[in-house]
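As a basis for the values below, the full set of heavy atoms in this structure was taken, side chains included, without hydrogen atoms, waters or symmetry mates. Predicted model only: the values in this text are computed from it and were never measured.
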Amino acid sequence: MRQVRDPETELDVVDEGLVYGITVEGKRAMVWFLLARSTPECHFSQAIALNAQRSSTC
């Protein structure tokens, strides 16, 4: 998860404190994030989730 960056701050989601929980089952991992939108138009939380999904398939 340290490869996943917040597009607004460029910090990784671990150092930023956004990872709420991780469950590992075999080769699969589920990650929960604690994200809050600053405005309804803010799409950074969606971008973070997509970046996390992309980094897990590498």
Side-chain angles (χ1 to χ4, degrees):
M1 291 290 89
R2 291 198 182 274
Q3 296 172 338
V4 179
R5 302 279 176 190
D6 180 334
E8 188 173 25
T9 64
E10 291 300 317
L11 295 172
D12 69 71
V13 295
V14 176
D15 287 341
E16 216 170 38
L18 299 177
V19 177
Y20 185 72
I22 298 175
T23 300
V24 178
E25 294 177 3
K27 293 184 178 184
R28 293 184 57 169
M30 292 189 296
V31 180
W32 285 266
F33 294 103
L34 183 60
L35 302 172
R37 291 182 175 188
S38 53
T39 67
E41 295 81 25
C42 179
H43 298 287
F44 286 127
S45 58
Q46 183 179 9
I48 291 170
L50 289 172
N51 288 342
Q53 188 176 22
R54 287 184 191 127
S55 73
S56 68
T57 60
C58 297

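- Within the structure, the side-chain hydrogen bond (donor to acceptor under 3.5 Å, both in side chains) test picks out no pair touching residues 19-34 (sequence neighbours left out).
- Closest of all the heavy-atom pairs between Met1 and Val14 is CB-CG2, 3.7 Å.
- When all heavy atoms of Ile48 and Val4 are compared, the pair lying nearest together is O-CG1, 3.8 Å.
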